[in-house]
K.L.:
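The structure under discussion is supplied below as structure tokens; questions concerning it will follow.
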Amino acid sequence: MASKDWRKSVVYQIYPKSFNDTTGSGEGDIRGIIDKLDYFTTLGVDYLWLTPVYESPMNDNGYDISNYYEVNPQFGTKADLEELLEKAHARGLKIMMDIVINHTSTEHHWFVESRKSRDNEYRDYYIWKDGTYDTPPTNWESKFGGNAWAYDEDTNQYYLRLFDITQADLNWENEDMRRDIYEMINYWIDFGVDGFRFDVVNLISKGEFKNSEGPGKEFYTDGPKVHEYINELNRNTFGDKDIMTVGEMSSTTIEHCLKYTNPERNELNSVFNFHHLKVDYPGGEKWSLANFDFLELKKILMEWQVAMDEGGGWNAIFWCNHDQPRVVSRFGNDETEENRLLSGKMLAIALHGLKGTPYIYQGEEIGMTNPGFNRIDQYRDVESLNAYSILREEGMDASLILDILATKSRDNSRTPVQWDDSRNAGFTEGMPWIEVSDKYGEINVARALEDGDSIFYTYQKLIELRHELDVLTYGSVKPHLMKDDDLFVYERLYEGERITVMANFRNKEVPYPENINAEGEVLLSNYADRKNVLRPFEAMMIYGQNN
Ligand code: NOJ
């Protein structure tokens with residue numbers, strides 16, 4: 001039965017701006033989350049992760065924090081947040097906050113001070129370097145396009161900004177800055193939160209400031225002092241408390257992630273990595289049209305699964321978040337309602353059998369699809385808008401860029417949650433900040449809850465199994481058929497118990513695989529019966545003995 005081990009938890013990610021609006025502002029809010037707490041208990045998840053709700057100019061939807069201690073009025077008040085915590089806790093739900101400590105907004109008072117003069121007491125909280133007026137300190141590229149340095153005329157220096165120009169990178173070499181960050185995290189611990197997701201935390205330690213042959217990642221990714229800093233963060237804040245932590249790791253390696261999550265090193269509980277979500281970036285290029293490489297997807301997932309298992313690390317497992325397109329449109333098939341349902345369930349089963357902490361992103365549990373935007377004015381995301389203008393400048397055809405954005409933009413996952421088939425999908429009484437997908441008539445929560453055969457109930461069952469079966473939590477991972485073009489098959493093994501997961505990723509029948517131990521009880525499948533072939537998108541999870 002369910003124990004208190006955090007490793008048995010399932011996390012639901014909320015992007016508050018697109019979740020549920022109770023004021024008619026067109027943007028979701030904290031009260032909108034409170035109103036839906038029963039929905040999470042029906043689904044069965046353990047933690048709710050809220051992407052940043054702090055004060056922010058919202059140039060990057062809250063990842064540009066201007067005050068760590070205040071709630072953005074757009075989302076509500078601190079009293080709302082307190083009430084959310086109270087009401088969530090009363091239902092046994094825990095709350096995870098998103099902490100952005102690689103950078104702050106340029107409107108944060110530290111930065112406002114820092115840019116005043118070279119000898120300001122906050123100058124060194126950020127990374128300022130000399131350049132010349134047309135040559136930045138290094139040729140590193142911002143993750144959102146353009147050079148990673150922004151010139152400040154008043155003090156005639158550049159500040160580093162790996163993301164937007166309004167997101168200045170903090171200088172972790174500065175002890176006072178680190179102390180202030182720990183104090184802030186302790187404030188939220190005292191406030192009563194139960195966990196933290198640390199935004200791009202493997203970028204906090206910058207190494208040498210030199211030109212690069214590429215975008216410059218090697219100088220700041222998993223940098224020289226990153227483990228030291230995270231260990232210090234742990235010891236000064238959550239280390240001795242019942243707080244679940246996950247670090248978002250950009251372009252990281254297994255070796256580093258084993259270090260980040262090895263319990264003996266006192267860093268973090270778990271990590272997100274994104275290598276498996278780059279299998280449709282041919283030659284590393286995100287802004288392209290491409291089918292996903294299925295063999296590569298399996299290879300990467302399984303390499304991480306096996307290595308993290310054997311090395312005593314811990315993965316977060318996920319297909320979706322607010323930075324990724326919708327998985328059913330990406331690795332599944334949303335061309336017909338039948339295919340959407342089958343492939344949505346297949347993807348859920350394929351993922352939730354893996355080892356690690358499963359994450360579900362709002363709307364994934366009802367199989368929300370990419371909205372199919374086809375005009376640039378439908379987009380809101382800074383990364384997408386930058387990409388559009390950069391690609392246009394490079395001469396790419398506007399209609400091709402729009403086709404690319406329709407499959408790759410972060411806004412694909414940021415459209416409002418489709419609650420029902422009423423106006424604006426029940427998300428707002430006002431004008432939604434970003435268009436609601438026009439699929440909301442068929443794809444919505446009300447409908448999913450009514451239909452016992454919906455994707456929702458596959459997720460519900462998978463969460464229940466995660467809580468019940470030790471083999472899903474602790475079992476080792478044994479990949480199979482790694483060269484098979486259609487099937488994703490693996491076993492989980494633990495103390496005489498076995499789970500076999502089989503998933504057909506293709507819209508066609510494929511022969512039932514030979515030499516796979518699939519004896520036992522079918523715990524879950526997206527077809528009502530079993531045949532001697534695997535039908536389009538057929539997936540199953542089988543429980544048996546390991547002998
Ligand atoms: C990762 C977050 O998930 C993303 O939304 C954000 O833009 C960057 N970090 C910068 O904070």
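We count ligands from 1, going down the list as the structure has it; atoms in each ligand are counted the same way.
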K.L.:
Mark the output for Gln324 as yes if a heavy-atom distance to ligand 1 is under 4.0 Å, and as no if none is.
P.N.:
no

K.L.:
I want to know whether His276 and Phe318 have ring centres closer than 6.0 Å.
P.N.:
yes

K.L.:
I want to check a possible cation-pi pair here: Lys36 against Trp419, using under 6.0 Å from ring centre and within 45° of the ring axis as the test.
P.N.:
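Output yes; distance and angle both within limits.
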
K.L.:
If you measure from each non-hydrogen atom of Glu248 to ligand 1, which part falls under 4.0 Å: side chain, backbone, both or neither?
P.N.:
side chain

K.L.:
ring-ring contact (aromatic ring centres under 6.0 Å, His included) with His108: which of Tyr126, Tyr68, Tyr122, Tyr54?
P.N.:
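In the set Tyr126, Tyr68, Tyr122, Tyr54, the residue that makes a ring-ring contact (aromatic ring centres under 6.0 Å, His included) with His108 is Tyr68.
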
K.L.:
At what distance is the nearest protein heavy atom to atom 9 (N) of ligand 1, and which residue and atom is it?
P.N.:
Asp199 OD1, 2.8 Å

K.L.:
Report the C-alpha separation of Asp98 and Thr51 in whole Å, then their side-chain angles, then the decisive distance to 0.1 Å, and conclude whether the side-chain hydrogen bond (donor to acceptor under 3.5 Å, both in side chains) test is met.
P.N.:
CA-CA 5 Å; Asp98 209 318; Thr51 62; 5.3 Å; no

K.L.:
So, Thr155 versus Asp152: side-chain donor-acceptor pair below 3.5 Å or not?
P.N.:
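Yes, side-chain donor-acceptor contact under 3.5 Å.
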
K.L.:
Classify the side-chain pair Thr22/Asp29 by whether it contains a donor and acceptor separated by less than 3.5 Å.
P.N.:
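There is such a pair between these side chains.
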
K.L.:
Is it the side chain, the backbone, both or neither of Phe144 that has a heavy atom closer than 4.0 Å to ligand 1?
P.N.:
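The answer is the side chain.
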
K.L.:
Considering non-hydrogen atoms of the protein only, which is the closest contact for atom 7 (O) of ligand 1, and what is the distance?
P.N.:
Asp60 OD2, 2.5 Å

K.L.:
Do Tyr187 and Tyr182 make the cut of ring centroids closer than 6.0 angstrom?
P.N.:
no

K.L.:
Hey, which atoms in ligand 1 end up nearer than 4.0 Å to a heavy atom of Asp323?
P.N.:
1 (C), 2 (C), 3 (O), 4 (C), 5 (O)

K.L.:
Within ligand 1, which atoms have a heavy atom of Arg414 less than 4.0 Å away?
P.N.:
5 (O)

K.L.:
Does even one non-hydrogen atom of His103 get within less than 4.0 Å of ligand 1?
P.N.:
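A heavy atom of His103 does come that close to ligand 1.
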
K.L.:
So is Arg410 touching ligand 1 or not, going by heavy atoms under 4.0 Å?
P.N.:
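Arg410 counts as a contact of ligand 1 under the 4.0 Å cut-off.
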
